[in-house]
Amino acid sequence: MSFVSVIVTTKNEEKNIEKLLLSIKNQTYKDIEIIVIDNSSKDRTVEIAGKFTKMVYEKGPERSAQRNFGVRKAKGKYVLIVDADMEFSSRVIESCVENIRGHKALIIPEETQGSGFLASIRKFEREMYMGDPTIEVARFFEKKTFEEFGGYDLSLTGTEDYDLPKRIMDKYGKDSIGWAKEWIFHHEENLTLAKLLTKRFYYARKSVGYVKKHP
């Protein structure tokens with residue numbers, strides 16, 4: 001079996017982290033390690049994460065640096081990069097290992113879950129771009145490929161999700177990115193317009209670097 005390192009980035013995620021880590025522990029594929037990289041949480045995130053793995057580290061200032069640090073700690077042939085507000089269906093990792101052959105990285109289909117009008121809009125939005133490898137996010141990588149490209153660009157925030165797969169496809173072709181056959185559930189409960197706009201504005205300000213890099 002191929003060893004898989006699951007890397008989780010966190011910041012004040014006590015409401016979400018246990019659900020994610022429990023779904024990772026309950027995977028049908030067992031040859032895994034869990035690495036949590038926390039960015040100065042002020043709540044119980046680190047305490048909860050410590051119940052599931054001894055590999056809990058502190059790193060900032062942004063998600064790209066956290067992820068790259070996690071990969072440096074990883075022992076797996078493959079790395080799976082996820083956010084704390086996610087939850088896996090039971091065969092996600094098994095499906096990734098089965099479908100990575102012939103590819104450098106994989107997209108895992110994501111479904112928004114949550115109640116309310118804004119959550120339903122986010123769900124519809126995700127469904128609009130399913131099947132487009134330039135918009136859907138690749139999360140499962142050969143570690144050697146991740147290292148070949150230097151991981152995530154530390155100058156990007158938010159758009160690093162699109163930059164790394166684009167660089168891989170630019171070198172190895174569109175078919176270098178494949179798809180897993182299972183689902184990740186992206187929890188967006190209690191989503192408010194203020195939270196959504198604040199997040200979008202933050203990422204929009206940071207997207208200038210991506211536009212300059214990929215005009």
Side-chain angles (χ1 to χ4, degrees), residues 4-30 32-74 76 79-93 96 108-123 125-126 137 139-140 151-152 154 156-161 182-203 206:
V4 177
S5 300
V6 185
I7 297 162
V8 184
T9 56
T10 59
K11 185 177 178 68
N12 298 326
E13 292 285 357
E14 66 178 6
K15 294 181 179 178
N16 296 310
I17 189 66
E18 186 167 9
K19 186 180 295 182
L20 169 64
L21 296 180
L22 189 60
S23 74
I24 297 172
K25 285 289 189 180
N26 289 335
Q27 288 292 291
T28 56
Y29 195 91
K30 300 299 184 183
I32 65 174
E33 64 178 356
I34 301 173
I35 304 172
V36 175
I37 312 298
D38 186 68
N39 186 2
S40 303
S41 288
K42 305 301 183 185
D43 60 9
R44 296 178 57 246
T45 298
V46 170
E47 176 189 341
I48 296 169
K51 297 176 182 178
F52 291 86
T53 176
K54 295 180 179 179
M55 301 182 72
V56 180
Y57 302 96
E58 176 74 23
K59 182 67 178 178
E62 291 282 4
R63 191 173 62 181
S64 296
Q66 289 178 271
R67 290 169 164 182
N68 289 353
F69 180 82
V71 173
R72 290 197 294 273
K73 294 292 184 180
V79 292
L80 173 54
I81 314 290
V82 294
D83 298 329
D85 58 353
M86 296 176 171
E87 184 179 5
F88 292 4
S89 55
S90 63
R91 292 189 66 256
V92 163
I93 298 178
C96 286
I108 305 171
E110 295 181 29
E111 177 183 299
T112 293
Q113 291 193 341
S115 58
F117 179 65
L118 290 176
S120 66
I121 290 176
R122 288 288 290 130
K123 178 178 174 65
E125 178 189 357
R126 286 187 190 279
V137 175
R139 297 189 178 279
F140 191 81
Y152 292 103
L154 297 182
L156 301 178
T157 299
T159 52
E160 82 274 15
D161 275 337
E182 296 293 322
W183 288 83
I184 284 177
F185 305 112
H186 203 143
H187 292 285
E188 301 197 57
E189 287 89 355
N190 304 314
L191 187 63
T192 66
L193 184 59
K195 288 180 181 178
L196 182 61
L197 291 179
T198 299
K199 183 176 181 180
R200 291 300 175 89
F201 180 73
Y202 179 74
Y203 286 151
K206 298 286 188 176

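Just so you know, residue 1 is the first one in the sequence shown, and it goes up from there. What you are looking at is a predicted structure, and each value in this text was computed from that prediction instead of being measured.
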- Query: Shortest non-hydrogen contact from Glu58 to Asn39?
  - Reply: OE2-C, 3.7 Å
- Task: Can you sort out the partners of Phe69 under ring-ring contact (aromatic ring centres under 6.0 Å, His included), two or more places apart, ordered by chain and number?
- Result: Tyr57
- Message: Just verifying a value: how many Å separate Lys25 NZ and Lys30 NZ, rounded to the nearest 0.5 Å?
- Response: 9.0 Å
- Query: Are the side chain of Thr10 and the backbone N or O of Ala84 linked by a donor-acceptor pair below 3.5 Å?
  - Reply: no
- Item | Residues, nucleotides or ligands: over 12 heavy atoms within 6.0 Å of Lys54 NZ | no
- Glu18 vs Lys51 side-chain heavy atoms within contact, under 4.5 Å: no
- Query: So how far is it from Ile37 CD1 to Lys59 NZ, rounded to the nearest 0.5 Å?
  - Reply: 9.5 Å
- Indicate the atoms forming the closest heavy-atom contact of Leu20 with Asp83, along with that distance. CD2-O, 3.4 Å
- State, with a plain yes or no, whether a side-chain heavy atom of Glu13 is found less than 4.5 Å away from one of Val8. no
- Message: If you define the side chain from C-beta out and look only at heavy atoms, does anything of Asp85 sit under 4.5 Å from His186?
- Response: yes
- Query: If only atom types and distance count, is the side chain of Gln27 paired as donor or acceptor with the main-chain N or O of Ile93 below 3.5 Å?
  - Reply: yes
- Query: Which heavy atom in Ser5 sits nearest to a heavy atom in Ile35, and how many Å separate them?
  - Reply: CB-CD1, 4.4 Å
- Message: For the backbone of Tyr152 and the side chain of Asn68, can you confirm whether one donor and one acceptor N or O come within less than 3.5 Å of each other?
- Response: yes
- Task: Could you list the residues that satisfy ring-ring contact (aromatic ring centres under 6.0 Å, His included) with Phe88, not counting sequence neighbours?
- Result: none
- Kindly compute the distance separating CD (Glu110) from CH2 (Trp183), expressed to the nearest 0.5 Å. 9.5 Å
- Message: Has Lys42 got a side-chain atom pairing as donor or acceptor with Lys11's backbone, closer than 3.5 angstrom?
- Response: no
- Does Asp161 reach the side chain of Arg67, with side-chain heavy atoms less than 4.5 Å apart? yes
- Just wondering, do Ile24 and Leu21 contact through their side chains at under 4.5 Å, heavy atoms? yes
- Message: Strictly below 4.0 Å, N to O, side chains only: are Asp43 and Lys15 in salt-bridge contact?
- Response: no
- Task: With sequence neighbours excluded, tell me which residues meet side-chain hydrogen bond (donor to acceptor under 3.5 Å, both in side chains) with Arg44.
- Result: Glu47
- Query: Roughly how far apart are Ile7 CD1 and Ile81 CD1, rounded to 0.5 Å?
  - Reply: 4.0 Å
- Item | Inter-residue atom distance Glu87.CD - Asn26.CG, 0.5 Å rounding | 9.5 Å
- Message: Using side-chain heavy atoms (C-beta onward) and a distance below 4.5 Å, is Leu22 in contact with Phe52?
- Response: yes
- Message: Looking at every non-hydrogen atom in both residues, tell me the closest pair between Thr45 and Ile17 and how far apart they are.
- Response: O-CG2, 4.4 Å
- Query: Are the side chain of Glu182 and the backbone of Ile108 linked by a donor-acceptor contact shorter than 3.5 Å?
  - Reply: no
- Looking only at heavy atoms, the pair that brings Thr53 and Val56 closest together is O-CG2, 3.6 Å
- Do the side chain of Arg139 and the main chain of Leu80 share a donor and acceptor less than 3.5 angstrom apart? no
- Message: If you compare all heavy atoms of Ser64 against all heavy atoms of Glu160, which two are closest, and at what distance to 0.1 Å?
- Response: OG-CG, 3.3 Å
